[in-house]
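Written below as structure tokens is the structure these notes are about.
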Number of protein chains: 2
Amino acid sequence: MTSTEPGHAPAAVPAPPPSEAPAEVPDPARAGMRPTKQRRAVAVALAREDAFASAQQIHERLSREGEQVGLATVYRTLSALADAGEVDMMRTEGGEAIYRSCSPTHHHHLVCRSCGRTVEVEGPAVERWTTAIAEQHGYAEVSHTLEIFGTCPECR
Amino acid sequence: MTSTEPGHAPAAVPAPPPSEAPAEVPDPARAGMRPTKQRRAVAVALAREDAFASAQQIHERLSREGEQVGLATVYRTLSALADAGEVDMMRTEGGEAIYRSCSPTHHHHLVCRSCGRTVEVEGPAVERWTTAIAEQHGYAEVSHTLEIFGTCPECR
DNA sequence: GCCGGATTGACAACGATTCTCAGATATCTG
DNA sequence: CAGATATCTGAGAATCGTTGTCAATCCGGC
Ligand SMILES: [Zn+2]
Ligand SMILES: [Zn+2]
Ligand SMILES: [Zn+2]
Ligand SMILES: [Zn+2]
């Protein structure tokens, strides 16, 4: 996992919040798209984000940091990465699409309603339950969505 | 619940899909809104629907059946009923808001990707799990969303 | 029936997302 | 490396679901 990091780790790191994993940078190429400068910029920007972000937010951040990427391109790139499974996509209560660079395995999210801080969670039991329920009712090709919302410790 | 039907039930009914509960009609009044003709029309239309429906769909159906209700009113009514908890609201993959008249208790949905046919499901274990996970991470005021998608028997 | 606040509806306004298409680029070929 | 070619980009127009505006209408209570 941290294998890409040069092994210079000092012993006294200030305890990086044990929670988050080192946000892997989504790879356009891996998604079968040409790795253009713009796409890489979007991927990197998203990887830096520690919460779900909308296309507009990413675009705004890129602009603010000098990276000139057209809004339409940001939309296209995020949408494509999501389709390819390189990033996770969910919708705000208002219906806006928001994206996040997550670990590659199937998981769900525990999201802070206030600051957006997100924890990835896994629930094998739930996975089994959804499949079982669906099959019980004769539904095939089962998939599901599951998100948990709450107010994180920092925000209380 | 079939009490509004005259009791002429022959023994050979084509097996009404044993699945569905008798869709209760959402009550505007119960939601603290004046029970106007338009609102009742929307409520009834929704209750008749056996799948999630969008504001536009409801509006279209009403128009087709003679009931003249402004599109804006349909939007306002559905949104208000949802806020009041009289109906369930979820979003399509495309972000469109869709509504359904459901049983009043907390539940989730098993939805057919193709025809929208919906089964209400309950999972006490999942409820407990989400709460536990959230508290484990220090998140408070926990809520969650969970939907299961698949292709129903009729659509295969 | 009459009054005042709630509701409606036609239409404008909005915000997010997608489309269009000419010009810039990445990749491939030789 | 140059040229051919398919892909990608960006600015702005266009879509689309949804909400805001506001005069006309309706509802419930007196
Ligand atoms: Zn994720
Ligand atoms: Zn928080
Ligand atoms: Zn429901
Ligand atoms: Zn179906």
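Worth knowing before you read on, the calculation uses all heavy atoms, side chains too, and leaves out hydrogens, waters and symmetry mates. Just so we're on the same page: letters track the sequence lines, and every chain starts at 1.
- Phosphate contact (OP1/OP2 of D:dC8, side-chain N/O of A:Thr36, threshold under 4.0 Å): absent.
- Among all heavy-atom pairs drawn from A:Leu81 and A:Met33, the shortest one is CD2-SD, 4.0 Å.
- Out of C:dT7, D:dG28, D:dC8, the shortest distance to the side chain of B:Pro35 is found at D:dG28.
- Residues A:Arg39 and B:Arg40 both approach DNA chain D. Their nearest nucleotides, taken by heavy-atom distance, put A:Arg39 toward the 5′ side.
- Contact annotation: A:Gln56 does not reach the phosphate of C:dG15 (side-chain N/O to OP1 or OP2, under 4.0 Å).
- Atom CE of B:Met33 and atom C1' of C:dT8 are 12 Å apart (whole Å).
- B:Ile98 and B:Leu46 fall into different hydrophobic clusters, where Ile, Leu, Val, Met, Phe, Trp and Tyr residues are linked whenever their side-chain heavy atoms come under 4.5 Å apart, directly or through other members.
- Atom NE2 in A:His59 sits roughly 11 Å away from atom C1' in D:dA11 (whole-Å rounding).
- The residue B:Ala97 sits close only to the backbone: its heavy atoms come under 4.0 Å of sugar-phosphate atoms, none of a base.
- In this structure, CD of A:Glu93 is placed 19 Å from P of C:dG15, rounded to the nearest angstrom.
- To the nearest angstrom, C1' of C:dA16 lies 11 Å from OH of A:Tyr99.
- Phosphate proximity of D:dA6 to A:Arg34: absent, as no side-chain N or O sits under 4.0 Å from OP1 or OP2.
- At least one side-chain heavy atom of A:Leu110 sits under 4.5 Å from a side-chain heavy atom of B:Tyr139.
- The distance from atom CG of A:Leu71 to atom C1' of C:dT18 is 11 Å, rounded to the nearest whole Å.
- In this entry the distance linking CD of B:Glu67 with P of C:dT8 reads 13 Å, nearest Å.
- Atom CZ of B:Arg91 is separated from atom C1' of C:dA16 by 11 Å (rounded to the nearest Å).
- For the OP1/OP2 pair of D:dC8 and a distance below 4.0 Å, the side-chain nitrogens and oxygens of A:Arg76 include no atom meeting the criterion.
- Between B:Tyr75 and the phosphate of D:dT19, there is no side-chain N or O to OP1/OP2 separation shorter than 4.0 Å.
- Candidate nucleotides C:dG9, C:dT17, D:dG28 were compared by shortest atom distance to the side chain of B:Thr73, and C:dG9 ranks first.
- The pair B:Arg100-B:Glu120 meets the salt-bridge criterion, since a charged nitrogen lies less than 4.0 angstrom from a carboxylate oxygen.
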Working note: B:Glu65 + B:Arg48, criterion side-chain contact (heavy atoms from CB on, under 4.5 Å); need CA distance, chi angles, decisive distance, verdict. CA-CA 13 Å; B:Glu65 295 178 359; B:Arg48 270 210 292 254; 2.6 Å; yes
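- Whole-Å rounding puts the B:Glu96 CD to D:dC16 P distance at 11 Å.
- Between D:dC8 and A:Gln38, no contact under 4.0 Å exists linking OP1 or OP2 to a side-chain N or O.
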